[in-house]
Every structure is written in structure tokens, then in C-alpha cells.
Asks: 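Starting off with a structure, shown below.
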Amino acid sequence: MRKIRYNIASEKKIRHRRVILISSILVILSLGCVAAGIWRLSAENRLHQDEIEELKILRGKFSDVREMIADYRSRIEQIKKKWGPKINFSNGLIDRKSFSMTEKLDLLEDLIPEGVFLNHLRLVNEPKAEIQLGCVSDSFKNLLVFYKNLSGYGMTIKRESVLKDGLYRADLMIKIADEKD
Amino acid sequence: MELNSHIGLFRIPDSFIYAGDDYLEIYRVNRQKAEKIDTLDGISILNLSSRNFRDVVENFTEGTNIGLVLNSSQFIFNILEFDKIPFRKNLRRDLIEWKIKKVFPEDINQYDHDFFVLSKKRILSVLFKKDMKHKIEKLIDDSNHSLIYLGNSTIELMNHILRGKRIPDFFMEIDKQLLVVVFQHRSVPYYIRKFRVEQTDEIKDEIFKTLRYVTGTFGSTPRTYALVSRDDNRYRDIIRQDLNSAELVEVPLDSDRFLFLPDYP
């Protein structure tokens with residue numbers, strides 16, 4: 001049982017010496033704990049001194065690298081500012097050059113073999129446009145040669161028929177890539 | 001106050017007065033030893049006037065720090081059980097007062113109410129009338145001394161006996177016709193009963209009635225006891241005989257200590 005200190009007198013007197021003694025002990029203990037904590041922390045620091053030094057060096061290097069990155073970024077921005085308009089202009093030219101109707105017609109002409117004639121051509125004046133064409137061939141063999149020439153241009157045969165006079169007719173669709181592609 | 005309960009911040013008086021029902025005993029403390037100086041029969045501290053009290057303390061040096069130990073006749077003890085005692089003091093006080101008000105018919109605000117945690121679930125509540133306290137303090141103040149200790153003999157006996165090497169299952173404090181019995185388990189009191197006897201043949205009945213009550217209510221069968229009384233108490237031997245006849249064993253106490261005076265740290 002914990003001791004029961006029962007005293008209902010109104011004028012209790014404090015034992016000053018005991019209070020001072022206990023306060024002093026508490027203060028000394030507190031200071032001792034603080035000192036022990038400081039010593040312990042500094043001991044830990046001493047143990048890891050090499051790692052701390054290395055960490056400092058790495059931190060230094062890291063900040064150098066960051067500076068370098070920032071420097072490169074600003075240079076890139078300057079280059080972009082200087083060359084940006086010229087690049088844009090060049091891209092515009094390339095875009096323009098990417099499609100030429102006459103080039104496509106020249107190519108088509110080269111692909112048509114002997115004995116095959118075009119009777120219908122539809123070519124939209126736009127980049128990446130599909131070409132629809134109708135052809136007549138005097139023989140099935142020549143028609144096949146034409147198919148073979150067009151095979152590399154995504155050819156689709158829409159219709160194929162034999163005419164009364166022995167001619168072969170076909171409606172095709174091809175796609176010739178733009179120049180820049 | 002909480003701190004004081006652990007390390008005793010307050011000074012112990014130079015002189016003690018033990019106040020029985022109708023007598024006073026005066027003790028002097030010297031180097032942690034108490035010495036009885038005088039016994040004054042036929043005087044009740046509660047009926048004393050300031051003038052008469054000055055006669056009682058006429059041999060005290062002026063400005064003496066006096067301690068007064070009262071017997072339990074004017075104290076009201078309650079041992080309360082709780083499932084859980086709140087940690088915060090004001091909550092604890094509210095809970096205890098709520099429980100006391102259920103069993104105590106008078107206005108608790110007229111009493112000095114102190115409580116002490118005995119164990120995780122048990123609290124000792126002590127009530128003492130405020131106007132009686134003021135009266136006693138005025139007596140001493142009028143005699144140009146300082147009352148720095150006002151305590152209770154039964155509580156001091158608990159401190160001595162229940163913290164000793166051999167602890168009895170109950171002890172009985174006998175002060176003339178006033179008997180206070182304190183039952184304990186594992187050094188923690190669980191029941192206190194206070195009663196007066198007018199005649200010798202009442203004692204045995206009251207004691208065994210109390211023992212039966214304790215056995216029936218708390219399920220414990222006390223086997224050992226201790227007696228504390230003035231040497232010349234006429235009931236002491238009678239009680240000893242009665243208890244021994246019921247095969248209870250007496251635990252002797254330190255006879256060279258005044259067990260009802262506060263212990264010296």
C-alpha cells in the first residue's frame with residue numbers, strides 16, 4: 001500500500017532543505033541526461049565521420065551538376081530563340097515540298113506498261129491523297145504487269161471486267177507516298 | 001499534494017498532541033524519536049476553550065510547531081470500489097463525491113473531504129467536519145503556536161502496520177470505548193468499522209458480528225490480528241482472549257514506536 005499522507009492543517013510548513021535538495025537532484029539529473037544525449041550524438045557523429053565527409057563531397061558535386069544543367073538549359077533556350085524562326089521556315093518549305101502532283105503523275109506514267117492505257121484518273125490536289133484510276137489493257141498479261149508495278153503502292157482493285165472486244169478493264173486505287181515520307 | 005504523497009515536502013512538528021475522547025497526551029520529538037511528556041485526563045480537545053488550551057501547552061516554547069493527532073471518533077471513513085478510477089484528479093473527485101452522496105446523508109460541502117488511492121480499484125475517502133477543524137486551529141492560534149499537522153491516528157496506524165514485515169489480516173485500534181477495526185488484503189484495506197462499547201460484554205458480540213459480516217460480504221476469513229491501544233486499556237486483554245478463543249493469532253507490533261504518530265521519512 002502506498003503511504004497515505006493525511007494532514008488537513010491549513011498552515012503546513014514546507015521543508016525548504018528537502019525541496020532545495022530534491023530540486024537540485026532533478027536539475028542535476030536533467031543536465032546529466034542532456035549531457036549524455038550530447039555525448040552520445042557526438043559519438044555517433046564520430047563513428048560516421050568518413051560517411052559524413054563523403055556526403056559533403058557528393059553534395060558539392062551534386063550542386064555543381066545542377067548548376068551545369070541549369071547552364072545547359074539556358075544555352076538551349078538561347079539556341080532555340082536564335083534558330084527557331086529559321087527552323088520553322090525550313091519546316092514550312094519541307095511541308096510544301098512534301099507533295100507535288102506532277103511528280104506523282106510522272107511516277108505513274110513510268111509504272112504504266114506497254115498495252116495499258118488510262119481511261120480515268122482522279123487525283124485530289126492534297127498531300128497523302130489516294131489516286132483513283134481506271135485502265136484498259138489489250139491483254140490480261142499486260143494488266144498483270146501493271147498490277148505488279150502498282151503492288152508497292154497499296155493497290156486496291158475495285159473492279160475488274162472483260163469488255164466485248166476482248167479488252168480488260170480495271171478500276172484501281174493506289175497511294176503514292178508524299179516526298180517527305 | 002500529489003508530489004507530497006511521494007516525497008513528503010512538509011515539515012514534521014516538534015511536538016505532538018494526541019487527542020483521545022476525554023484525554024490528551026503530549027509527545028515531544030527529538031531526532032526522529034518521540035517521547036511522551038504528559039497525559040491529561042478528563043480533557044476533550046473539542047470542548048476546550050482557548051484559555052484552557054493555553055494551560056495545556058504552557059510548557060511549550062512560544063511559536064512551537066504543533067501536530068495534533070485525533071482519534072477516529074470525529075472522522076468518517078469510506079472505502080469505495082470502482083471498476084476504473086479516472087486518472088484526472090477533478091474527474092476522480094467528482095466520481096467519488098457522487099458515490100459518497102449516495103450513502104452519506106449530510107451536506108458534503110460542510111466537510112473536509114480527502115481521498116486516497118489504495119489500489120487500482122479502491123479508494124479511501126475521509127471526511128472531517130470543517131467547523132471542527134476551524135475550532136481546533138483557532139485554539140492553537142490563540143495560544144501563539146502553529147498547527148502544522150492535523151491528522152488521524154487510524155490512518156497513521158495503517159501506514160505503520162500495513163507496510164510492516166508481518167501484516168495481520170485486520171488490526172484493532174482501541175481508544176477507551178472507541179474501537180476501530182481495519183481489514184486488509186495484500187496490504188490494501190477493504191473494510192473499516194468504527195463502534196463504541198459501553199460495557200465489556202458488548203465487545204465480543206460486536207467483534208464477532210464484524211468478523212461474520214466480513215466473511216459473508218467479502219468472502220475472506222481473517223486469521224491474524226493486531227491490537228493497538230494504550231497500555232492501561234481495560235478492554236485489550238478481553239479482546240485478546242475473545243479473539244484467541246476463535247483461533248485467531250495475534251501479530252505482535254513494534255512496541256517501542258508510537259504507531260499513531262506520523263512516520264518520519
Side-chain angles (χ1 to χ4, degrees), chain A residues 1-67 69-70 73, chain B residues 1-13 65-70 75 111-119 122 124 126-128 130 132-134 136-137 140-141 145-156 158-163 167 184-189 262-263 265:
Chain A
M1 183 186 86
R2 200 199 296 176
K3 185 168 182 174
I4 300 171
R5 292 187 191 269
Y6 182 68
N7 178 2
I8 53 173
S10 302
E11 288 180 20
K12 294 185 260 290
K13 288 196 175 169
I14 292 187
R15 298 161 83 176
H16 295 285
R17 277 189 205 169
R18 179 168 269 226
V19 169
I20 291 168
L21 175 67
I22 289 166
S23 308
S24 307
I25 290 170
L26 287 173
V27 167
I28 290 167
L29 280 173
S30 306
L31 288 174
C33 289
V34 168
I38 292 170
W39 178 81
R40 180 84 183 119
L41 283 170
S42 61
E44 275 197 18
N45 272 350
R46 280 196 296 275
L47 268 177
H48 301 294
Q49 203 56 42
D50 293 338
E51 285 88 343
I52 291 169
E53 288 299 327
E54 198 181 329
L55 197 59
K56 277 185 194 164
I57 293 167
L58 285 172
R59 277 201 185 122
K61 282 186 184 171
F62 181 64
S63 71
D64 290 342
V65 166
R66 278 174 79 174
E67 277 173 22
I69 290 169
R73 277 204 179 123
Chain B
M1 283 303 289
E2 292 284 353
L3 190 60
N4 176 52
S5 74
H6 292 286
I7 58 175
L9 292 176
F10 298 109
R11 206 183 289 180
I12 299 291
N65 294 326
I66 293 178
L68 190 61
V69 181
L70 301 171
F75 289 83
Y111 288 79
D112 222 64
H113 180 211
D114 284 277
F115 56 87
F116 304 93
V117 177
L118 299 174
S119 69
R122 215 173 277 160
L124 170 67
V126 185
L127 292 160
F128 185 73
K130 280 181 183 170
M132 227 173 274
K133 176 184 151 186
H134 295 321
I136 291 169
E137 286 179 334
I140 292 173
D141 203 38
H145 296 294
S146 302
L147 179 69
I148 66 169
Y149 178 89
L150 180 58
N152 169 259
S153 60
T154 309
I155 291 177
E156 296 308 329
M158 278 191 229
N159 282 330
H160 279 100
I161 295 172
L162 301 187
R163 289 158 56 89
I167 302 171
Q184 66 81 27
H185 175 64
R186 292 188 185 169
S187 305
V188 178
D263 200 359

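Lettering follows sequence order; numbering is per chain, from 1. Scope of the values below: all heavy atoms of this structure, side chains included, with no hydrogens, waters or symmetry mates. No experiment lies behind these values; they were computed from the predicted model shown.
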Asks: Hey, could you give me the CG/CG distance between B/Leu68 and A/Asn7, rounded to the nearest 0.5 Å?
Replies: 10.5 Å

Asks: As an exercise, state the distance from CZ of B/Phe75 to OH of A/Tyr6, rounded to the nearest 0.5 Å.
Replies: 4.5 Å

Asks: Restricting to non-hydrogen atoms, name the atom on A/Lys13 and the atom on B/Asn65 that form the minimum distance, rounded to 0.1 Å.
Replies: NZ-OD1, 3.0 Å

Asks: How many angstroms lie between CD1 in A/Ile4 and CD1 in B/Ile155, if you round to the nearest 0.5 Å?
Replies: 6.0 Å

Asks: Give, for atom CZ of B/Phe116 and atom NZ of A/Lys3, the distance between the pair rounded to the nearest 0.5 Å.
Replies: 12.5 Å

Asks: Counting only heavy atoms closer than 4.5 Å, note whether B/Asp112 contacts chain A via side chain, backbone, both or neither.
Replies: side chain

Asks: How long is the gap from CG on B/Leu150 to CD on A/Glu11, to the nearest 0.5 Å?
Replies: 12.0 Å

Asks: A/Arg40: which residues meet the salt bridge (Lys or Arg N to Asp or Glu O under 4.0 Å) condition with it, sequence neighbours left out?
Replies: A/Glu44

Asks: Could you state the interatomic distance from NZ (A/Lys12) to CG (B/Leu147), rounded to the nearest 0.5 Å?
Replies: 9.5 Å

Asks: For chain A, find which of B/Val126, B/Ile167, B/Val188 contributes the most heavy-atom pairs closer than 4.5 angstrom.
Replies: B/Val126

Asks: Which atoms of B/Leu124 come close to chain A, meaning under 4.5 Å heavy atom to heavy atom: side chain ones, backbone ones, both, or neither?
Replies: side chain

